[in-house]
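Structure record follows, encoded as structure tokens.
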Amino acid sequence: RTALSEVAAECAAAGREGAHTVVVAPAAVRIMLQVVHSPLASADSRAPRTVLGVDISAMDMAAPPFETLHAAPSQVPSWPLSERASVLTWHFPTTDEARDKDAFDADDDLDVTVYVPITSSGEAHAVSLSRDLLFQGSATLTETSQRSDAPEVEYPLFILPQPLRLQAGATLALHVRHSAAGFSISLA
């Protein structure tokens, strides 16, 4: 039995048979990143450097490499300084693969360096993380291709410790990690 036949059987068992239920499941998800100019994100995320006159910047060592801000594009506008760069692609298992515990585990550790070509000169404030859903064949759904009447999707912005002045044609090396705790990004 395939995953879709199992879903159809579940729909029939729930009394939704003949309701023309169509289930479209992606075959994979591709995680993408993009270097962006976003002064608002940078300003909103800056932690205080002093508290009651005491310098607490040494505590930065305990923080994740880049601060993370989750926001919808209308809340924290950003402008791309690079094309979207692929970090990784997770392929979802078929029903048979799901029975094999070694076939797929989204919590597997990832530790890669991604080289991002800069396409526009400007001041970089953050790295935007997004995802593309990949379907059988060549169909792809990106987070940026949603309907205009759909609710906005929040996406993570990884705020650079300090804004970086970048020139078109340069390459920015980013260290990307993923574990059960989620993603972290730092300068490589």
Side-chain angles (χ1 to χ4, degrees), residues 26 28-51 55-90 106-107 109-135 139-188:
V29 62
R30 183 175 29 228
I31 305 298
M32 307 291 285
L33 62 77
Q34 187 171 41
V35 178
V36 298
H37 172 81
S38 183
L40 184 60
S42 182
D44 281 350
S45 70
R46 295 287 175 231
R49 310 310 293 157
T50 61
V51 173
D55 181 3
I56 61 167
S57 61
M59 294 176 67
D60 288 346
M61 293 172 32
F66 289 0
E67 294 179 58
T68 308
L69 174 68
H70 291 268
S74 67
Q75 296 170 323
V76 183
S78 62
W79 295 267
L81 297 178
S82 72
E83 296 293 326
R84 295 171 71 232
S86 179
V87 176
L88 71 116
T89 301
W90 278 317
D107 291 330
D109 290 342
L110 168 77
D111 193 344
V112 298
T113 300
V114 178
Y115 297 92
V116 184
I118 303 303
T119 55
S120 298
S121 296
E123 193 171 63
H125 297 102
V127 176
S128 166
L129 200 65
S130 62
R131 66 185 173 267
D132 293 347
L133 297 177
L134 309 175
F135 297 90
T140 301
L141 176 66
T142 66
E143 282 184 332
T144 58
S145 66
Q146 67 187 36
R147 293 185 345 237
S148 62
D149 63 339
E152 280 191 292
V153 174
E154 288 190 353
Y155 60 94
L157 281 172
F158 292 85
I159 311 303
L160 298 172
Q162 296 295 323
L164 292 176
R165 184 84 189 137
L166 299 174
Q167 297 296 319
T171 299
L172 183 63
L174 296 169
H175 197 131
V176 181
R177 292 181 185 91
H178 180 269
S179 67
F183 281 95
S184 68
I185 300 176
S186 59
L187 296 172

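Everything numeric here is computed off the predicted structure, so don't read it as measured data.
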remark   = Only one of Val76, Leu160, Leu157 passes side-chain contact (heavy atoms from CB on, under 4.5 Å) with Val36, and that residue is Leu157
inquiry  = Is it true that, when you exclude Glu83 itself, more than 12 heavy atoms of the residues, nucleotides or ligands shown sit nearer than 6.0 Å to its CD?
reply    = no
Which atom names give the shortest non-hydrogen contact between [X] and [Y], and what distance separates them?
X      : Y      : value
Ala188 : Thr113 : CB-CG2, 3.8 Å
Pro80  : Gln34  : CB-NE2, 3.2 Å
Pro77  : Ser38  : O-OG, 2.8 Å
Leu166 : Ala124 : CD1-CB, 3.6 Å
Leu81  : Ser121 : CD2-O, 4.0 Å
Ala126 : Ile159 : CB-CD1, 4.0 Å

If you measure from [atom1] on [X] to [atom2] on [Y], what distance do you get to the nearest 0.5 Å?
X      : Y      : atom1 : atom2 : result
Leu33  : Ser130 : CG    : OG    : 8.0 Å
His125 : His37  : NE2   : NE2   : 5.5 Å
Leu129 : Arg84  : CG    : CZ    : 9.5 Å
Arg30  : Leu134 : CZ    : CG    : 4.5 Å
Ser186 : Phe158 : OG    : CZ    : 10.5 Å
His175 : Ser184 : NE2   : OG    : 7.5 Å

inquiry  = I'd like to check Leu110 versus Val87 (side-chain heavy atoms, cut-off strictly below 4.5 Å). Are they in contact?
reply    = yes
query = Can you list the steps and then say if Leu172 with Leu187 is a side chain to side chain contact (heavy atoms under 4.5 Å, CB included)?
reply = CA-CA 8 Å; Leu172 183 63; Leu187 296 172; 4.0 Å; yes
task = Please state whether the rings of Trp90 and Phe183 are parallel, tilted or perpendicular, taking 30° and 60° as the class boundaries.
result = tilted
request  = Carefully, step by step, assess Leu174 and Val127 under the rule side chain to side chain contact (heavy atoms under 4.5 Å, CB included).
outcome  = CA-CA 9 Å; Leu174 296 169; Val127 176; 3.8 Å; yes
